[in-house]
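Report on the structure given below.
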Amino acid sequence: MSKHYETMFILKPTLTEEETVAQIDSIKAIIEKNGGEIVATDDMGTRQLAYEIEKNKRGYYFVAYFKGEPSGIKEIERNYRINENLIRFIFIKYESKKEIAAWTKMSEEAAKKAN
């Protein structure tokens with residue numbers, strides 16, 4: 001049974017626009033290759049970090065809402081860890097009816113914003 005997930009990752013701010021797009025596409029492909037179905041994304045762009053990470057004061061934020069198997073998450077996470085352009089990431093799993101309703105609302109809002 002597939003679960004509802006949200007992943008947010010922060011890319012190094014030193015990447016060019018083309019490199020940033022390539023990184024995002026590559027990460028989306030990794031999610032899909034590992035059984036994830038991306039429902040919506042939220043490209044938040046470059047923002048100030050709450051604190052410096054690896055000498056970076058800013059980072060490029062990107063969020064993806066997806067459905068997938070728990071078994072695929074480990075492999076996606078392994079790929080995140082070996083990616084030197086990724087300075088931070090998080091996975092959030094939504095399980096209860098209330099959490100899934102919140103996930104649905106957020107993913108719909110992100111999809112609207114993207115269009």
Main-chain N/O of Ile53 paired to Asn56 side chain as donor or acceptor, under 3.5 Å: yes

Just by distance, do the side chain of Glu77 and the backbone of Lys74 share a donor-acceptor pair under 3.5 Å? no

Quick one: closest heavy-atom pair of [X] and [Y], and the distance?
{"X": "Tyr5", "Y": "Gly68", "result": "CE1-O, 3.6 Å"}
{"X": "Ala40", "Y": "Ala110", "result": "CB-CB, 4.2 Å"}
{"X": "Phe66", "Y": "Gly36", "result": "CD1-CA, 4.1 Å"}

If two hydrophobic side chains count as joined below 4.5 Å and joins carry through other members, does [X] share a cluster with [Y]?
{"X": "Leu86", "Y": "Val21", "value": "no"}
{"X": "Leu15", "Y": "Ile24", "value": "yes"}
{"X": "Met8", "Y": "Ile27", "value": "no"}
{"X": "Val39", "Y": "Ile90", "value": "yes"}
{"X": "Tyr60", "Y": "Ile30", "value": "yes"}

Would you tell me whether Asp43 and Tyr61 have side-chain atoms, one donor and one acceptor, within less than 3.5 Å of each other? no

Check whether the side chains of Asn83 and Gln23 place a donor and an acceptor atom closer than 3.5 Å, and report yes or no. yes

In Å and rounded to the nearest 0.5 Å, what is the [atom1] to [atom2] distance from [X] to [Y]?
{"X": "Glu69", "Y": "Glu37", "atom1": "CD", "atom2": "CD", "result": "11.0 Å"}
{"X": "Lys33", "Y": "Ile31", "atom1": "NZ", "atom2": "CD1", "result": "12.5 Å"}
{"X": "Lys113", "Y": "Glu108", "atom1": "NZ", "atom2": "CD", "result": "15.0 Å"}
{"X": "Ile10", "Y": "Glu54", "atom1": "CD1", "atom2": "CD", "result": "10.5 Å"}

Report yes if the side chains of [X] and [Y] come closer than 4.5 Å at any heavy-atom pair, otherwise no.
{"X": "Ile100", "Y": "Glu95", "result": "no"}
{"X": "Val63", "Y": "Thr41", "result": "no"}
{"X": "Ile76", "Y": "Thr7", "result": "no"}
{"X": "Leu49", "Y": "Ile87", "result": "yes"}

Go through the steps for Asn85 and Glu19 under the test side-chain contact (heavy atoms from CB on, under 4.5 Å), then give the verdict. CA-CA 10 Å; Asn85 294 305; Glu19 288 169 335; over 6 Å; no

So that I can tick it off, tell me whether [Y] and [X] are bridged by a salt bridge, with the cut-off set at under 4.0 angstrom between side-chain N and carboxylate O.
{"X": "Lys28", "Y": "Glu32", "answer": "no"}
{"X": "Glu75", "Y": "Arg78", "answer": "yes"}
{"X": "Glu109", "Y": "Lys105", "answer": "yes"}

Which residue pairs pass the ring-ring contact (aromatic ring centres under 6.0 Å, His included) test when at least one of the two sits in residues 8-43, sequence neighbours left out? Phe9-Phe62, Phe9-Tyr80

Steps toward side-chain contact (heavy atoms from CB on, under 4.5 Å) verdict (Lys67, Trp103): CA-CA 10 Å; Lys67 293 177 187 175; Trp103 179 93; 3.9 Å; yes

Out of Glu6, Lys3, Glu99, which residue meets the side chain to side chain donor-acceptor pair (under 3.5 Å) rule with Tyr94? Glu6

Tell me whether the count of non-hydrogen atoms from other residues, nucleotides or ligands lying under 6.0 Å of CD in Glu52 goes above 12. yes

Please check if the number of heavy atoms outside Gln48 that lie under 6.0 Å from its CD is greater than 12. yes

Would Ile73 and Phe91 count as a side-chain contact (heavy atoms from CB on, under 4.5 Å) if you check the C-alpha gap in whole Å, the side-chain angles of each, and the deciding distance to 0.1 Å? CA-CA 9 Å; Ile73 298 297; Phe91 285 97; 4.3 Å; yes

